[in-house]
Student: 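So that we are looking at the same thing, I have put the structure below in structure tokens.
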Amino acid sequence: MTGERDIRRALPSVDRVLQNSQDLVARWGHLRVSKAIRKHLDSIRQSIDAKQKPDLSILAIHSAISTALAASDAQSIRPVINLSGVVLHTNLGRACLPAAAAEAAYQAAMYPNNLEYDLETGKRGNRDVHVESLICELTGSEAATVVNNNAAAVVLVLSTLAKGLEVPVSRGELVEIGGSFRVPEVMASSGCTLVEVGATNRTHLKDYRSAISAQTALLMKVHTSNYRLEGFTQSVDEKTLAELAHEHGLPCIVDLGSGCLADFSALGLPAEPKASDYIANGIDLITFSGDKLLGGPQCGIIAGKKSLLERICKNPLKRALRVDSMTLAALSEVLKLYQDPDSLSDTLPTLKQLTRPASEIEAQASRLSAELATYLAPAFRTATAPCLSQIGSGALPVETLPSFAIAIEALNGDSELRRLAKVLRQLPRPVIGRIHQGKLLLDLRCLDCETLFVEQLPQLRDALSC
Ligand SMILES: *Cc1c(COP(=O)(O)O)cnc(C)c1O
């Protein structure tokens, strides 16, 4: 016991450590450093209680505190290299912005701006003006607004137009998007009553017709973003549904999910109707995400009839769901790129990644596979292999894009493969792959920083040897 008390007595005071940590105070400030010292001295006391023999020298304490402060300061959101094979990966931040859009967001963040200020009149302006006319031009709509994300867009539309009323939706479209977006629950939280129409695989026009009552607020279609009904199926197309709605004096709305503004077939991608097709077919309002196929910042776009948008923008919820100037600045730059559709596969990162030729990815894979092999041998076997990339984020769920991967096999079994996957995730710029059928696949479709990737490879050897 005496020994323990002696050790405790040898423990320096907070003040003494502080006096010897002026270099840390200069870097991190008095408050943070004293907190870190207290925390560290507490943990030393605990290890003394646990009969351990911690190093009580000022030097050791200083070094521990310095490490702890640096670790607590590490950036939480960091860039990673997405070799998962999913282009629009929700967990990896979805669409990457083009440089012009990121720069516009940066300017909006750093300086005062004309977010809601009319520079012509010097009077208060409206934040939607920065993007509304572009959205209208690209979708053929009369009016548009932007909120936090597409889920918010759907909630705002329904709670403005359908609160306390009924909304018929096909049973084949009661979608659950990952996370917590489920059509029935979103409708309930918007205060409207879902009226299920038809059967899971087949919904006919007469099903909608018989669901319409005096309580009906509108007719709604939901894009089946992450699945496809196949086999004996039937659904009502949006043009026919819009006609039925209009016969009854009701609006017809579509939650497009991803929302596509480009001609995908012309880009050599799987066909997907454009947002403007829905408006041309008589749909009164569409909602879609900013950071899925559109390739912009996270937001939700509502576009369509002016009279409906006026009601939507007056809803106090609009204020709660609005976006900031960084988002609007970035979105505006992204939308401008769509004014030159022929260049999109060069100018917009999302479309560039989606349209990247498999032959180019294959060449890159053979180049890098050989390089990687020199750091992974002899415990791992490295080869190139064809694979299929997914578009992701519930855009075109069953379509895949032919791609190439570096396929890595561990000669000592699955746990080694998982260890390698972890070591890759711990690189300064973490590399995210996917394990598939006993191999770690690095799908190179989205690798646009090859030098960065290659430069950190030598670190693998050390990381794997310990
Ligand atoms: C993705 C998606 C949503 C949600 O969009 P967020 O922008 O993620 O909020 C809603 N509806 C459909 C059909 C979707 O695909």
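Counting convention: from 1, in listed order, for ligands and their atoms alike. Treat the numbers as computed from the prediction; the structure is a model and nothing was measured.
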Student: Under 4.0 angstrom from ligand 1, any heavy atom of Arg94?
Tutor: yes
Student: Enumerate the atoms of ligand 1 whose separation from the nearest heavy atom of Ala151 is less than 4.0 angstrom.
Tutor: 4 (C), 5 (O), 6 (P), 9 (O)
Student: As an exercise, identify every atom of ligand 1 less than 4.0 angstrom from a heavy atom of Lys292.
Tutor: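 Once the distances to Lys292 are compared, the set is 1 (C), 2 (C), 3 (C), 5 (O), 14 (C), 15 (O).
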Student: Can you name the closest pair of heavy atoms from Asp324 and Arg127 and give their distance?
Tutor: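 Asp324 and Arg127 have their closest heavy atoms at CA-NH1, 4.1 Å.
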Student: I'd like to check which ligand 1 atoms, numbered from 1 as shown, lie under 4.0 Å from a non-hydrogen atom of His223.
Tutor: 13 (C)
Student: Is Asp73 paired with Arg32 through a side-chain N to carboxylate O contact shorter than 4.0 Å?
Tutor: yes
Student: Can you confirm whether the side chains of Thr203 and Ser235 place a donor and an acceptor under 3.5 Å from each other?
Tutor: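 Side chains of Thr203 and Ser235: no pair found under 3.5 Å.
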Student: Report yes or no: does a heavy atom of Asp255 sit under 4.0 Å from some atom of ligand 1?
Tutor: yes
Student: Check each atom of ligand 1 against the heavy atoms of Phe181 and keep those under 4.0 Å away; list them by number with element.
Tutor: 10 (C), 11 (N)
Student: When you measure from the side chain of Asn148 to the backbone of Leu321, do you find a donor-acceptor pair of N or O atoms at a distance under 3.5 Å?
Tutor: no
Student: Does ligand 1 have an atom under 4.0 Å from some heavy atom of Gln298?
Tutor: no
Student: Charged N to carboxylate O below 4.0 Å: is that the case for Glu142 and Lys306?
Tutor: no
Student: Indicate whether any N or O donor in one side chain lies under 3.5 Å from an N or O acceptor in the other, for Ser170 and Lys221.
Tutor: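 There is no such pair (donor and acceptor under 3.5 Å, judged by atom type) between the side chains of Ser170 and Lys221.
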Student: For Arg445 and Ser389, which I'm curious about, is there any donor-acceptor pair between the side chains at under 3.5 Å?
Tutor: yes
Student: Below the 3.5 angstrom mark, is there an N/O of Asn150, backbone or side chain, next to an N/O of ligand 1?
Tutor: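 Yes, there is a polar N/O contact under 3.5 Å.
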Student: Which ligand 1 atoms does Ser289 reach within 4.0 Å, using its non-hydrogen atoms?
Tutor: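 Contacts of ligand 1 toward Ser289, numbered from 1: 5 (O), 6 (P), 7 (O).
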